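Just so it is clear, the structure is predicted and the values come from calculations on it, not from any experiment. Residue numbers start from 1 in every chain, and the chains themselves are labelled A, B, ... in the order their sequence lines are given, proteins ahead of strands.
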Amino acid sequence: MVARQSQLFIPTLREAPADAEAVSHKLLVRGGYIRQVSAGVWTFLPLGWRVHQNVVQIIREEMDAIGGQEMLMPVLTPAELWETTGRDYPEIFRLEDRAGRRFILPMTHEETVTFHAREIQSYRQLPQILYHFSIKERDEPRPRGGLLRMREFIMKDAYTFDRNEDEFARSFELHRQAYHRMLERLGLEFYEVEAESGMMGGQQSQDFLCPAGSGENTLVTCEHGDYAADLEIARGVPRTPSFPATEEVPKEVATPGVTTIESLAELLGIDAAATSKAMPVVKTDGTLVLGLVRGDDRLAESKMLGVLKSDYRPATDEEIRSAFGASGGSLGPVGVSVHVVADDALREGQFVAGANRDGWHLLGVEAGRDYAPRFADIREAREGDRCPVCSGELRFQTAIEVGHIFNFGSRYSEPLGATFLDEDGTEKPLIGGSYGIGPARVMAAVVEQSHDGNGIVWPKSIAPYDVHVLALHGGSAEVLMRAEQLAAALEEGGLDVLYDERDERPGEKFADADLIGCPTRIIVGKKTLDDGAVDVRTRDGAIDERVSSSEVVKWVLQH
RNA sequence: CGGGGUGUAGCUCAGUCUGGUAGAGCGCUGCGUUUGGGACGCAGAGGUCGCGGGUUCAGAUCCCGCCGCCCCGACCA
């Protein structure tokens, strides 16, 4: 049935809501796609739900194509299930039923799916690919940017179960390829990057990032296209510092009142890159570790997390004082008893370092000679770095993480006792993987990448309607009749048609059509009625031409 | 959780400093004119000024407390 715009709930807005910042947030609200109910909680209005469903369908088709089996797991989940695996995150919503039984609203379904996977008995039943589209609840400390970070959202999460890591690698590869296919069909520019594995220490963990005007990730790519990574783990090659004269042994220099790299470099008249910066941190087990990076670099927290294999926090002033005998601005690696993790950039050359004595620094401090660190890549890549593969220039872009796939091994199957009997007769835990993608974030990413000053430019694959027919009737019954006939004929041809027969002025209809952003627009008005034609134009502006009424359906189907 | 901002009509906002009848534009309803890029005229509807307490003859406005929302940071399987 043709969708008659006068009867639909498409509340378009002339102005963007005052609290919107991201383009996708503004345009989706203005276009009548979504509305906010509370912080991070959104309703998909009819138009928005159509797009969401289109995204879902593409994901579903690609999942089914690799043998995925769709199912549905519940939101309401007994708390014990999560207690068994020891996942205890602050962003989990908790609740009780009337009898005091405790439940959680899960943020993901590893526990539940593994609970079911206990019914897998034999290697003969492997591998398995199970997935569902379900609502996730996360008590996010700070939701933001419309659909970019929500507290309640729908995610497609898939789970694989395999006999061993080799078999798992095949399941993982299937998903990688499926993700590439779905994102291509969704019309997104995306990069698959190695993801931060953090505390969970997944062996394989890939993120799918879409460059966008807004987003929470920073995508680092090489100008030559041979390197892409999330900033959190990106490796960049920093410039070579210009070093001052070398010293036979570290030489003390008075630096009264100097506690920042800027003032240190200025006082000594040297390159900030020829200094080092000490960051004392304390691991969960209470051990103090000194992180050391070049003066012009920043410590990359997730890299440090990977190196220490433990959560950590900055040391307090008291801890610093008792371990180094000096305060924060004067710390260095020479003569200290704590473990030193030095960034790879400090391997070669002599650097200025704190002397562990307030108001003093050391010139000519050389790793290996003056202190024995453990070297690691712990610096955050930054503008001006060169590509680690080809030395090309690195680019930094804001990006949206739309998907994440990773290996969770036996992280859940062991505690939940999901084992199977292998060919050799031994009982083994299932090897699992998780594969998530958020249709709402996909929508936001598409809008971020595909819009103009007037509104959204939907790709054909997920547009709410294929064709937007505008009847510029101005009271003319004949124009209305012709437009209706055309809309019906297009539907007949298998297209989804949004038919604007509202009693509005042309300018308003054009503006709304631009905002809503259907790929093809057909304008029926008095102007073209006489020569039995209509005006057809594509939302991306590529085509704008007059087509004879009898040819329109064919035209649209062919373009 | 720290920092900043904000809350007045459906939307965007003025009014708050300096207390005294609650406003504008857009939108909405009716009638008329108009009709290929957000028209015009006339007549109308619509607000416990986020919530609670206090000061005052009088509070949108001053004071105290709370809440919502936005941005930056922390956090983010």
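For the pair A:K26 NZ and B:C11 P, the interatomic distance rounds to 18 Å; values are reported in whole Å. In this structure, the CD atom of A:E152 is 22 Å from the P atom of B:C76, given to the nearest Å. Regarding A:R151, its CZ atom lies at a distance of 12 Å from the C1' atom of B:G68, rounded to whole Å. Taking atom NZ on A:K156 and atom C1' on B:A77, their separation rounds to 15 Å, with Å as the unit. Going from atom CG of A:D207 over to atom P of B:A77 covers 10 Å, rounded to whole Å. For A:D230 and B:C76, the CG to C1' distance is 12 Å, given to the nearest whole Å. Atom pair A:H25:NE2 and B:C70:C1' shows a separation of 9 Å (rounding to whole Å applied). The nearest whole Å value for the distance from the CE atom in A:M107 to the P atom in B:C76 is 10 Å.
One P atom belongs to B:U18, the other to B:C76, and the distance between them is 46 Å to the nearest Å. Comparing B:C31 with B:G38, their P atoms sit 25 Å apart, to the nearest whole Å. One C1' atom belongs to B:C66, the other to B:G7, and the distance between them is 14 Å to the nearest Å. Comparing the C1' positions of B:G15 and B:G59 gives a spacing of 14 Å, expressed to the nearest Å. Comparing the P positions of B:A9 and B:U34 gives a spacing of 37 Å, expressed to the nearest Å. Remark: the separation of the P atoms in B:U6 and B:G52 is 23 Å, to the nearest Å. With both ends at atom C1', the span from B:G50 to B:G5 equals 16 Å, rounded to whole Å. Spacing of C1' atoms, B:A43 relative to B:G4, comes out at 46 Å, to the nearest Å.
Within 4.0 Å (heavy atoms only), A:A16 reaches sugar-phosphate atoms of the nucleic acid but no base atom. Within 4.0 Å of A:E140, counting heavy atoms only, lies no atom of the nucleic acid at all. In this structure, A:E401 reaches neither bases nor backbone, as no heavy-atom distance under 4.0 Å exists between it and the strands shown. Using a 4.0 Å heavy-atom cutoff across all strands shown, A:P17 reaches sugar-phosphate atoms only and no base atom.
Partner of A:F208 under the ring-ring contact (aromatic ring centres under 6.0 Å, His included) criterion, chosen from A:Y191, A:Y435, A:Y179: A:Y179.
Pairing partner, B:C1: B:G73, with both Watson-Crick or wobble hydrogen-bond distances short of 3.5 Å. In this structure, B:C26 forms a base pair with B:G10, meeting either the Watson-Crick or the G-U wobble geometry with both donor-acceptor distances under 3.5 Å. In a base pair of the Watson-Crick type (N1 to N3 plus N6-O4 or O6-N4) or a G-U wobble (N1-O2 and O6-N3), with each distance short of 3.5 Å, B:U56 is matched with no nucleotide. Pair check for B:C66 finds B:G50; Watson-Crick or G-U wobble, both atom distances under 3.5 Å. Taking a pair to require two hydrogen-bonding distances under 3.5 Å in either a Watson-Crick or a G-U wobble arrangement, B:U16 remains unpaired.
Between A:Y312 and A:T284, the side chains place no donor N or O within less than 3.5 Å of an acceptor N or O (distance only, hydrogens not considered). If you check the side chains of A:Q397 and A:T218, you find no donor sitting under 3.5 Å from an acceptor. Side-chain contact check for A:H404 and A:S205: at least one donor-acceptor pair (N or O, by modelled atom type) lies under 3.5 Å. With hydrogens and angles left out, the side-chain atoms of A:H473 and A:K526 include no donor and acceptor closer than 3.5 Å.
With sequence neighbours excluded, no residue forms a side-chain hydrogen bond (donor to acceptor under 3.5 Å, both in side chains) with A:W49.
Checked against a 6.0 Å centroid threshold, the rings of A:H468 and A:Y499 do not count as neighbours. Between A:W458 and A:H451, the ring centre distance reaches or exceeds 6.0 Å.
In terms of phosphate contacts, A:S38 brings no side-chain nitrogen or oxygen within less than 4.0 Å of OP1 or OP2 of B:G68. Phosphate contact (OP1/OP2 of B:C71, side-chain N/O of A:R142, threshold under 4.0 Å): present.
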Each nucleotide of nucleotides 31-41 of chain B classed B (base within 4.0 Å of a protein heavy atom), S (only sugar-phosphate) or -, in 5' to 3' order, makes ---BBBBBB--
Side chains of residues 7-24 of chain A: which donor-acceptor pairs under 3.5 Å do they make with residues two or more places apart or in other chains?
unit_1 : atom_1 : unit_2 : atom_2 : d
A:T12  : OG1    : A:D512 : OD1    : 3.0
A:S24  : OG     : A:E448 : OE2    : 2.8

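Checked against B:G25, B:C71, B:C75, the side chain of A:E21 finds its nearest nucleotide in B:C71. Closest approach to the A:E15 side chain among B:A77, B:U12, B:A74 is made by B:U12 (side chain taken as heavy atoms from C-beta onward).
Residue order along RNA chain B, read from the 5' end via each residue's closest nucleotide, puts A:A18 first among A:G145 and A:A18.
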